[in-house]
Undergrad: 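Below you will find the structure I want to go over with you.
Because the structure is predicted, anything quoted here is derived from the model rather than measured. Reckoned from all heavy atoms, side chains included, excluding hydrogens, waters and symmetry mates. We name chains A, B, ... by the order of the sequence lines, and we start the count at 1 in each one.
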2 protein chains.
Amino acid sequence: MDKVNLNEKFDKFSRHWDPKIVGELNGQHVKLVKFSGSFIWHKHDIEDEMFFVVRGNFIMHYRDKSIVLNEGEFIIVPHGIEHKPEAKDEVHIMLFEPASTINTGNTPGSMTVESPDWI
Amino acid sequence: MDKVNLNEKFDKFSRHWDPKIVGELNGQHVKLVKFSGSFIWHKHDIEDEMFFVVRGNFIMHYRDKSIVLNEGEFIIVPHGIEHKPEAKDEVHIMLFEPASTINTGNTPGSMTVESPDWI
């Protein structure tokens, strides 16, 4: 019931591709993450994911198109759809997704974060 | 799978306290709403609600305290908790909440919007 200030939370971590939980409601998590560089191709079999750009910009690649997202824009990636985020420079993202969501979906590996920390 | 630009969507409506749907994922809606003035006391028996300030500021009143929210801040109101938003000047809000959520919760009346429009 207390408020959350996004910039204060973003100041608490620096590692890229390492999502942090900042809120929970209705079985969903609100997460913050910093992207820089290229992630891996993956999909989520069950969970839809929302990416909201708080600062900066990035490209969401699908297999058949790529979409540039700027500050104040969001995109919803439906479950089952392969995607790969890429950021030329650091970008600050707010994620909204089911608490069950693992960042690397169906392609676990070195970038997988099984249990993100609360900050 | 296409992106949504919040400011472009906010430009599409002007009525206060009249939420518009701009996204859906995992049974949840992403809504935009403009507040100005005072809403009514209400609660939601089932749904938790998240209020994210895109522009401006407002006060979330609970029965035992009030919290000022500024741009880039959010608050999650758990189900069952009475609350009343108040905005001295117009504020632009992004809401995350279950698709079943009715804006006035347990106190339906003239401000109720049963079926928000998609924009």
Undergrad: At a heavy-atom separation under 4.5 Å, does I81(A) approach chain B through its side chain, its backbone, both, or neither?
TA: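 For I81(A), side-chain heavy atoms alone lie under 4.5 Å from chain B.
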
Undergrad: Is I76(B) in contact with chain A via its backbone, its side chain, both, or neither, using a 4.5 Å heavy-atom distance?
TA: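 Both parts, heavy atoms under 4.5 Å.
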
Undergrad: Side chain, backbone, both or neither: which part of E8(A) has an atom under 4.5 Å from a heavy atom of chain B?
TA: neither

Undergrad: Is there a continuous path of hydrophobic side-chain contacts, each under 4.5 Å between heavy atoms, that joins F35(B) to L32(B)?
TA: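 Cluster IDs for F35(B) and L32(B) differ.
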
Undergrad: Under a 4.5 Å cutoff for heavy-atom pairs, which residue among L25(A), I46(A), V54(A) has the most contacts with chain B?
TA: L25(A)

Undergrad: Is there a continuous path of hydrophobic side-chain contacts, each under 4.5 Å between heavy atoms, that joins V113(B) to F39(B)?
TA: no

Undergrad: Search all heavy atoms of L6(A) against all heavy atoms of F52(B) and return the closest pair with its distance.
TA: CD1-CE1, 3.4 Å

Undergrad: Can you name the nearest heavy-atom pair linking F74(B) to V22(A), along with the distance?
TA: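 Smallest heavy-atom distance, with atoms named: CZ-O, 3.6 Å.
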
Undergrad: Hydrophobic cluster membership, with links at side-chain heavy-atom distances under 4.5 Å among I/L/V/M/F/W/Y: are I40(A) and I93(A) in one?
TA: yes

Undergrad: Could you check which of M50(B), Q28(B), E47(B) has the highest count of heavy-atom pairs closer than 4.5 Å to chain A?
TA: Q28(B)

Undergrad: Between the main-chain N or O of E73(A) and the side-chain N or O of N5(B), is there a donor-acceptor pair closer than 3.5 Å?
TA: no

Undergrad: Please report the shortest heavy-atom distance between P98(A) and N26(B), naming the atom on each side.
TA: CD-ND2, 3.2 Å

Undergrad: So for atom CZ, which belongs to R15(B), do other residues, nucleotides or ligands contribute more than 12 heavy atoms lying within a distance under 6.0 Å?
TA: no

Undergrad: Can you tell which part of K9(A) gets under 4.5 Å to a heavy atom of chain B, answering side chain, backbone, both or neither?
TA: neither

Undergrad: Under a 4.5 Å cutoff for heavy-atom pairs, which residue among V4(B), D2(B), I75(B) has the most contacts with chain A?
TA: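 Counting heavy-atom pairs under 4.5 Å, the top option is V4(B).
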
Undergrad: Counting heavy-atom pairs closer than 4.5 Å to chain A, which one of G23(B), G72(B), G27(B) comes out on top?
TA: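 The option with the most such pairs is G72(B).
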
Undergrad: Does any backbone or side-chain atom of M60(A) lie under 4.5 Å from a heavy atom of chain B? Answer side chain, backbone, both or neither.
TA: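 For M60(A), neither part sits under 4.5 Å from chain B.
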
Undergrad: Tell me which of these, V77(B), N70(B), V53(B), V30(B), has more heavy-atom pairs under 4.5 Å with chain A than the rest.
TA: V30(B)

Undergrad: Count the heavy atoms of every other residue, nucleotide or ligand shown that sit under 6.0 Å from CG of D89(B), and state whether that count exceeds 12.
TA: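 For D89(B), atom CG is not crowded (no more than 12 foreign heavy atoms under 6.0 Å).
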
Undergrad: Can you check whether V68(B)'s main-chain N or O pairs, donor with acceptor, with K3(A)'s side chain at less than 3.5 Å?
TA: yes

Undergrad: Would Y62(B) end up clustered with V91(B) when hydrophobic side chains under 4.5 Å apart are linked, directly or stepwise?
TA: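 They do share one cluster, since a chain of ILVMFWY contacts under 4.5 Å joins Y62(B) to V91(B).
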
Undergrad: Do L69(B) and F51(B) land in one hydrophobic cluster if side-chain heavy atoms of ILVMFWY residues count as linked below 4.5 Å?
TA: yes

